Amino acid sequence: MYRSVFGKVLVRQLLLAFRRPAAVLNPLFFYGVVVLLMPLGLGPQQSVLSQFAPGLLWITALLAGLLSAETIFRGDYDDGALEQLLVSGESLYLASLGYVVAHWCLTGLPLALFSPAFGQLLSLPDEGLGTLAVSLALGTLVLSAFGCVGAALTMALRRGGMLLSLLILPLEVPVLILGAGVVERAVNGMPVDSLISILGGLSLLALALTPLAIGSSIKISLEV
Amino acid sequence: MAWTWFHRLGSSPWIYRFSGQLLRYLLPLAIVLVVAGSVWGLAFTPPDFRQGNSYRIIYIHVPVSVVSLAGYYVMAIAGAISLIWRLKVADMAMRVAAPIGAAMTFLALLTGAVWGKPTWGTYWVWDARITSMVVLLFLYLGVFALYEAYDNKALASKACAILSLVGTVNIPIIYKSVDWWYSLHQPASIKFTGGSTIDPSMFYPLLLMIVAVYCLYTCLLLMGLRLTLLETEAKTAWVKKEILGES
């Protein structure tokens, strides 16, 4: 795995990120600040917060993925690393997959790991905490995949931020619906296995298909 | 003879003239069909026994909704053709299809809201189909905005083609998920006039209007295509000849 371009891109992206630990923590800080805003905006009543908690936590995850997506290719586009990748003759599909998985490791995975704590802050009932973490871990893979598609399409543009949200948020609607829905079902004591499977299926589908779009978009952005 | 027609699609003057001739017949046909369908639907069909006359907006609402959905596939297929075969015309068709499709989707949402007020008592309901249409509108707007954001229009077209293809794969998933979301959150206060099948006296004018709006859509697409052709090739000899007359 470490010999393939997938492993190389993945390890490189993770190394680059961990050399600046503040950048790794930023998505978590962002998540924390937005969670802080929720009781301020909605009021501190536990009943209100726990009712909205699944949706709020998932929407925040969508926004965190969106904000971190903009910079995925920025550095590599500016310093020519992407061009080197292109002329190296390595598979763009596998390299794109590496970017997606690296982005997930740096945003989706930490969010999923810490999400039970954030769930507690929004008084999400205990039955929903485990499902929240699992659904976020699976769903954020899809978010990272679409985030990479959007980032690859807009990296040549100087002001891609707002545009990126318009491009990828509509595509992420199914993940939000399923993710928030499955947590709500868990809170209500209903079985969640089938929906978790669907989320897992969606993330596999996204992992299999989006690298095609990301690879072509990289080529387009580099004007080849 | 067998394959020569295909090569013509690469020739801008040929397409300009061919679409011009096509429009000469299609545009009057579209206008006649729209007028005939509207008059038939609005004046000569019986009123609905539950909704009275307010249901008549169906003759606008359903055709534009149908065409706005089909329009996304027109855009995506045109995008795929331009990516695979590098056909300039397909690329232009995709660009033109985005704003037309967005306008149709917006019209569908607007007529739906106007229809909703007398029928459901409110302009807006987060119903599964309405929500899907809003998502569709944003998918159109995304393609449109991406195209506008690029200065290099050749790159813009390719990027838009990729985006519309990604959207096409997603549309069935979005629709299914929104359906499921709606059944999870279904409010009890609103009762739809479901269950009743549409009477033939109302169905035939509706069918006519759907055909009419399809014709209209094709005309708009061709007119936009011709305009884009003239704009992008404004400096060529054949455009000067077309616009300034035979010389």
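Not measured: the values here are computed from a predicted model. In what follows, every chain begins at residue 1, and chains take the letters A, B, ... in the order their sequences are listed.
Met155(A) CE to Asp78(A) CG: the interatomic distance, rounded to the nearest 0.5 Å, is 10.5 Å.
Ring centroids of Tyr16(B) and Trp238(B) are separated by less than 6.0 Å, placing the two rings close together.
Contact count against chain A (heavy-atom pairs under 4.5 Å) is highest for Leu155(B) among Leu155(B), Val135(B), Leu141(B). Contact count versus chain A (heavy atoms, under 4.5 Å) is highest, among Val166(B), Leu146(B), Val169(B), for Leu146(B). Counting heavy-atom pairs closer than 4.5 Å to chain B, the top residue among Thr210(A), Leu171(A), Leu176(A), Leu212(A) is Leu171(A). Heavy-atom pairs under 4.5 Å with chain B peak, among Leu157(A), Leu167(A), Thr154(A), at Leu157(A). Ranked by heavy-atom pairs shorter than 4.5 Å toward chain B, the options Leu202(A), Leu178(A), Ile177(A), Leu205(A) are led by Ile177(A).
Using a 4.5 Å cut-off between heavy atoms, Glu184(A) contacts chain B through its side chain alone, with no backbone atom that close. Residue contact with chain A, scored on non-hydrogen atoms closer than 4.5 Å, is absent for Asp151(B). Only the side chain of Leu209(A) comes within less than 4.5 Å of a heavy atom of chain B; its backbone N, CA, C and O stay farther away. Of the atoms belonging to Ile174(B), heavy atoms from both backbone and side chain fall under 4.5 Å from chain A.
Looking only at distances, a side-chain donor or acceptor of Tyr31(A) sits under 3.5 Å from a matching main-chain atom of Leu57(A). A distance-only check finds no donor-acceptor pair linking the side chain of Ser144(A) to the backbone of Leu141(A) [under 3.5 Å].
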Full working for salt bridge (charged side-chain N to carboxylate O under 4.0 Å, His left out) between Lys153(B) and Asp91(B): CA-CA 11 Å; Lys153(B) 293 305 179 195; Asp91(B) 171 73; over 6 Å; no
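Counted by atom type alone, Trp104(A) and Thr140(A) present one or more donor-acceptor pairs between their side chains at under 3.5 Å.
Ring planes of Trp126(B) and Trp124(B): perpendicular class, angle over 60° (limits at 30 and 60°).
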